[in-house]
Amino acid sequence: MPYIAIKAKPKDEATKKELVRRINEVLLDVWGCPQGVVTISMEEIAPDAWQDTVVKREIEPNADKMMIRYGEKLFED
């Protein structure tokens, strides 16, 4: 029952839909779950609010759970 919450700076609707479509496809293929259990949300965050809204509230407190942080892969293959 995967739930993916995407927080990102604003993009156009077509780009957001394509991103969600591709993430959904990979999730079904790699995770092996049925479509009926997938939930994906998209929340746009204004660039001037990014540091306080995302970095301080979500990234920093969950540093031990990050798989990729600021472009750096934090796991071994």
Side-chain angles (χ1 to χ4, degrees):
M1 291 179 240
Y3 164 56
I4 298 175
I6 302 165
K7 295 182 189 294
K9 295 176 182 177
K11 289 284 188 180
D12 61 274
E13 283 300 310
T15 300
K16 292 186 294 187
K17 288 176 182 178
E18 181 65 11
L19 175 64
V20 170
R21 184 188 67 73
R22 288 188 190 190
I23 289 171
N24 185 66
E25 287 176 0
V26 169
L27 196 57
L28 297 176
D29 183 46
V30 174
W31 205 257
C33 60
Q35 181 65 64
V37 301
V38 174
T39 300
I40 302 173
S41 67
M42 172 72 70
E43 181 180 352
E44 292 184 326
I45 309 294
D48 61 337
W50 187 260
Q51 188 69 26
D52 287 335
T53 304
V54 178
V55 174
K56 289 182 182 177
R57 292 183 191 169
E58 298 196 33
I59 294 174
E60 289 175 357
N62 293 295
D64 62 323
K65 297 174 189 153
M66 296 295 136
M67 299 289 291
I68 296 176
R69 185 179 59 227
Y70 308 125
E72 180 184 357
K73 183 179 76 168
L74 302 175
F75 60 93
E76 298 290 325
D77 288 326

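It should be emphasised that the depicted structure is a prediction, and the values quoted were computed from it without experimental measurement.
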- Query: Less than 4.0 Å between a side-chain N and a carboxylate O, is that true for R22 and E25?
  - Reply: no
- Indicate yes or no: at least one non-hydrogen side-chain atom of W31 is less than 4.5 angstrom from one of V26. no
- Message: I need the minimum non-hydrogen distance between K11 and K16, along with the two atoms involved.
- Response: O-CE, 3.6 Å
- Query: Between P10 and A46, what is the shortest heavy-atom contact and its length?
  - Reply: CD-CA, 4.5 Å
- Gap between atom NZ of K73 and atom CE of M67 - 0.5 Å precision: 9.5 Å
- Minimum heavy-atom distance T53-R57, with the two atoms named: O-CB, 3.4 Å
- Message: Using 0.5 Å steps for rounding, measure from the CD1 atom of I40 to the CD1 atom of I23.
- Response: 6.0 Å
- Item | Reported CG-to-CG distance for the pair N24 and D29, which is rounded to 0.5 angstrom | 11.0 Å
- Item | Closest contact, heavy atoms only, E58 versus M66 | O-CE, 4.0 Å
- Message: Using a strict threshold of under 4.0 Å (side-chain N to carboxylate O), is an ion pair present between E72 and R69?
- Response: no
- Message: Closer than 3.5 angstrom, by distance alone: can the side chain of Q35 be matched with the main-chain N or O of L28 as a donor-acceptor pair?
- Response: no
- Task: State the OG-CD1 distance between S41 and I6, to the nearest 0.5 angstrom.
- Result: 7.0 Å
- Hey, what do you get for CD1 (I45) to CG (D52), rounding to the nearest 0.5 Å? 11.0 Å
- Out of curiosity, does V30 fall in the hydrophobic cluster containing F75 (side-chain heavy atoms, cut-off under 4.5 Å, transitive links)? no
- Which value, rounded to the nearest 0.5 Å, describes the distance between L74 atom CG and K65 atom NZ? 14.5 Å
